[in-house]
Structure formats: C-alpha cells, structure tokens
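When reading the values below, keep in mind they use all heavy atoms of this one structure, side chains included, and skip hydrogens, waters and symmetry mates.
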Amino acid sequence: MAENKDLFAFQENHEKKEIDTNRKLRIGFIGCGWIAQSHVKSFKKQPDVEIVAGCDLIPGKAKAFFEKYEVEGVKTDYKDHKEMLDDESLQLDAVTICTYNRQHAEPAIYALKKGMHVLLEKPFTVTLDEAVEVCRAEKESGKILSIGFQPRMDANMKMIKKIVESGALGEVYYIQTGGGRRRGIPTPFGTTFIEDKTAGIGALGDIGCYSLDMVLNAIGYPKPLTVSGYKSNFFGTDPNYCNYVKTGHPEYAKLFGVDDFAAAFIRLEGGIILDFRIAWAMNIDTPGDTLILGKKGGLRIPSTDCWNGSVGGPMKLYHEVCGQQTVTEIPIIVSAEEKQGISLFDLKIRSFVDAVKEGGTAPVPSSQILYNQAIIDGIAKSAAAGREVEIKIPKI
C-alpha cells in the first residue's frame, strides 16, 4: 500500500488584519456563569471592544464576575436580561449570551427585537421550535446572529471541508461520527448541565452538536429528513458513578434529568446516511473514529479522548492512484494563530466582532445550525417515541 503525504499540503494566509480601535464595539453579557469566563477573557483581548454591561439571574453574581476578571466600569445592577436590554443609556451594539441551555432562546429573541447583534453559545437551543423562533426574530431584525461553534475556526476542521470540496472523496454516501468520554459528566461546574429544568439536553446538545457540525459543515449542511434515535442516562442516575464519589456529590444522581449517551441513524438529502453516537460516560474509550465515505475515497478522522474541537491525530485519505490503493496522511495542522497563543475561542470572538463592525455575515450562521438543532430535536423525539420520526422544519 503506497503512502502519499504531500497531496494535501495546507497553505495558510499569514496576513495580519488591521483593527480599527477608534470605533469600539459595546458589548453586554447575559449570564455570568462558567462559560462566560471564556467569553470575558477573549473579549478583553480585543482592542476595539468595550464591555459595558452584564446581568445574571442570581443577584450580585454579575458584579462579582466582572470584579474577578478586572473589568471596570461595567453596569450590573439589573435583575434580568430584559431590564438590561431596555436600558437605552447603555447604547449596546451586541450581546453575548452565556446562560444555561433553557435560557438561550428567550434572551436571544429579546435582544434581536431590540436591534442588537447576538453571539449565542451552543447548543443553539433545546428544541427545534425554539430555534425556529430565534431565526424568525433574526430575520425580522436584520441583525447578525452567530452560534458559538469555535471548532469551525480550527485549521484541521477547515481541512476536512477542503478535502470534501476538492472532490477527492467523490459523492459522499455514508458518514460515521460522534465521540465522547469514558467518564466525563460535567458536574464539577454544578448541576446546570445535568438538571432538566436548566439543561434540557445533556451530552447530545453539549458535545453532540460539535460532532454533528464537523461533518455537516464539511458536506454543505444537507437537510435532515428522518431520524431513528436513542438516549440513555445509566451513568448519570447512578449514585455510585465515580465522578460523584470523587467530588462527594452522590445526590447529583437524583437530580440528573438529561441524557449521558445518545445514538442515531439519520437520513439526509442526497441519499447520505449519518451514523451518530455521543457520550459523557460509557464503558469504552471511544465510540469510534469519524468516517466519511465517498464513491472515490474515504476519510478517517481520529477520535479524541474528550471532544475538544479538533481531531485526535493525523487524518488519512483512502483512495486510488492509477489503479493502486493508496493512503494519504494529512498531518496535524498548527495554525499561525495557534503558534501565537491565539485560541479557537479567541478566533470565535474576533470573527463575531469583525462581522458586526464590517457589516458582514455570521461566522456560524443560524441557517446551518437550525439543521443541527433539528437533528438533535429529532433524536430526542424519536427516542421518546421508540421509532423513526420524520424531521419537519417550519419555514422561517
């Protein structure tokens, strides 16, 4: 078997973009919990951004949050997002929404109706109906709504899309994807990830949305048609689960109300089959590598120990050259930004800021992630019904 390592050499554009610091983008935070920490660190790095306001449902939390991260002059005396967004004196340009899952849709809709651009953390929403309402508000507002999928910024993820678009695989007909953790229910951050009243969905939405986006973005986001889904929570509801024992919180098992494992068989437009599985906890190291099979070639994308937004090692392209079965290895790409210490999260924030300031389009558009959410919603509905269901996406 021959091996060719040079077929897909990656070329980067190293031009450094000039940032206009004369015009500051005025940002407000909705939600000041765990994920907001990453947002504030990245927004602080942007020389043309001013964080002017923040709110949280827990009294005093927003004030303490900005004090901790040494952001001065932030107005935080609001009881909720509506009160903050109604304060016209703030002159906000945009908001970043860092709430728990079940509080994604309402503030996003309210902000868009107030004429503000929105960066919304993943997952998009909990249900498809919520996502549709957010998209309708976006359409009516004419503002930018970008969903927080920072893996899109990774050079290796971009390479997956480049390979598919190059035609090297030919017509894609089958995809296997997923990922997860042997033990990794996110309880170190409290119970907002695991309670139904706050999270609504578990591993399926938390890391499953990333896994789906990796392959769906690569193949152009075809419309999902049907899904046969499965969900379980055997680990989360077990008080003897090792993470609970280690942290001294076996009572979390009683609060666990979401999935810790999900799997599905999805039919997409164009005759493409998507075989999906995701886990916060399971009795194996990985549910398998991601495979994209086409009529001319196949791509293997190694899994990671903990789904972190990239690939687990060099990818391999299986194809034929002059009738000979060949494997081309695509080395891990370290981008110029990564070499400079610029994280994927920083790139996500920067791309949103640029889109707003330059009148561009959303870096991760809702029109795509609506299909992602439709699949997640379909898996949940199918699992509840115990049968395959049709995915129906209302008109926006």
May I ask you to say whether Asp354 pairs ionically with Arg350, meaning some side-chain N is under 4.0 Å from a carboxylate O? yes

NZ/NE/NH1/NH2 to OD/OE distance under 4.0 Å, Glu106 and Lys82: yes

Is it the case that the side chain of Arg183 and the backbone of Met282 share a donor-acceptor pair, with hydrogens and angles ignored and the cut-off at 3.5 Å? yes

Distance, nearest 0.5 Å, that separates CD1 of Ile379 from CG of Leu204: 5.0 Å

Please step through side-chain contact (heavy atoms from CB on, under 4.5 Å) for the pair Ile27 and Glu50, ending with a clear verdict. CA-CA 6 Å; Ile27 290 283; Glu50 184 180 2; over 6 Å; no

Any Val118 side-chain heavy atom under 4.5 Å of Lys143 side chain: no

Would you kindly say whether Tyr110 and Asp86 are connected by a side-chain donor-acceptor distance under 3.5 Å? yes

Should Leu90 and Tyr78 count as side-chain neighbours, where that means a heavy-atom distance under 4.5 Å? yes

Do other residues, nucleotides or ligands put more than 12 heavy atoms under 6.0 Å from the CD atom of Glu251? yes

Taking Arg102 as the fixed residue, which of Thr125, Thr198, Thr192, Asp196 is the one that meets the side-chain hydrogen bond (donor to acceptor under 3.5 Å, both in side chains) rule? Asp196

Please check this pair: side chain of Glu358 against backbone of Ala355, looking for a donor-acceptor N/O pair closer than 3.5 Å. no

Heavy-atom neighbours of Glu88 CD exceed 12 at 6.0 Å: no

Can you tell me if Ser343 and Asp346 form a side-chain donor-acceptor pair at under 3.5 Å? yes

Reported CE-to-CD1 distance for the pair Met214 and Ile219, which is rounded to 0.5 angstrom: 11.5 Å

Are side-chain N/O atoms of Arg152 and Gln368 paired as donor and acceptor at under 3.5 Å? yes

Contact check, side chains of Ser211 and Phe276, non-hydrogen atoms, under 4.5 Å: yes

Less than 4.5 Å apart, side chain to side chain, heavy atoms only: is that true for Arg136 and Pro394? yes

With distance as the sole criterion, is a donor-acceptor pair present between the side chains of Asp87 and Ser89 under 3.5 Å? yes

Please verify the inter-ring angle class for Phe193 with Trp34; under 30° counts as parallel, over 60° as perpendicular, anything in between as tilted. perpendicular

Donor-acceptor pair, Asp259 side chain versus Ala203 backbone, under 3.5 Å? yes

State whether Arg300 and Asp289 are salt-bridged, where the test is any N-O pair (Lys NZ or Arg NE/NH1/NH2 against Asp/Glu carboxylate O) under 4.0 Å. yes

Polar side chain donor-acceptor pair, His249 to Thr187, under 3.5 angstrom: no

Side chains of Tyr221 and Asp213, donor plus acceptor under 3.5 Å: yes

Between the main-chain N or O of Ala362 and the side-chain N or O of Ser146, is there a donor-acceptor pair closer than 3.5 Å? no

Glu121 and His39: side-chain donor and acceptor closer than 3.5 Å? yes

Take a 6.0 Å sphere around NZ of Lys44 and say whether it holds more than 12 heavy atoms from other residues, nucleotides or ligands. yes

Within a reach of under 6.0 Å around CD of Glu320, are more than 12 heavy atoms found that belong to other residues, nucleotides or ligands? yes

Establish, yes or no, whether a centroid distance under 6.0 Å links the rings of Tyr241 and Tyr252. no

Are Phe345 and Tyr69 linked, directly or through intermediate hydrophobic residues, by side-chain heavy-atom contacts shorter than 4.5 Å (ILVMFWY only)? yes

Using 4.0 Å as the upper bound for N to carboxylate O, is an ion pair formed by Asp20 and Lys357? no

Above 12 or not: heavy atoms from other molecules or residues under 6.0 Å from NZ of Lys45? yes

For a 4.5 angstrom cut-off between non-hydrogen side-chain atoms, does Val40 reach Cys32? no

Treating Asn101 as the side-chain partner and Ala199 as the backbone partner, does any N or O pair qualify as donor plus acceptor under 3.5 Å? yes

If you count heavy atoms of other groups shown closer than 6.0 angstrom to NZ of Lys63, is the number above 12? no

In terms of side-chain heavy atoms, does Tyr210 have a donor or acceptor partner in Gln150 at a distance below 3.5 Å? yes

Taking the side chain from Asp48 and the backbone from Thr21, do they hold a donor-acceptor pair closer than 3.5 Å? no

Under a 3.5 Å threshold, yes or no: a donor from one side chain and an acceptor from the other, between Glu83 and His81? no

Judged by modelled atom types alone, do Thr226 and Glu390 share a side-chain donor-acceptor pair under 3.5 Å? no

For Asp77, look at atom CG and say whether over 12 heavy atoms of other residues, nucleotides or ligands are found less than 6.0 Å away. yes

Is atom CZ of Arg267 surrounded by more than 12 heavy atoms (other residues, nucleotides or ligands) closer than 6.0 Å? no

Below 4.5 Å, heavy atoms only, C-beta onward: do Leu299 and Lys316 meet side chain to side chain? no

I'd like to know if Lys24 and Asp93 make a salt bridge, using a cut-off of under 4.0 Å between side-chain N and carboxylate O. no

Are Leu225 and Leu268 close enough that some pair of their side-chain heavy atoms sits under 4.5 Å apart? no

Side chains of Leu274 and Leu212: closer than 4.5 Å at any heavy-atom pair? yes

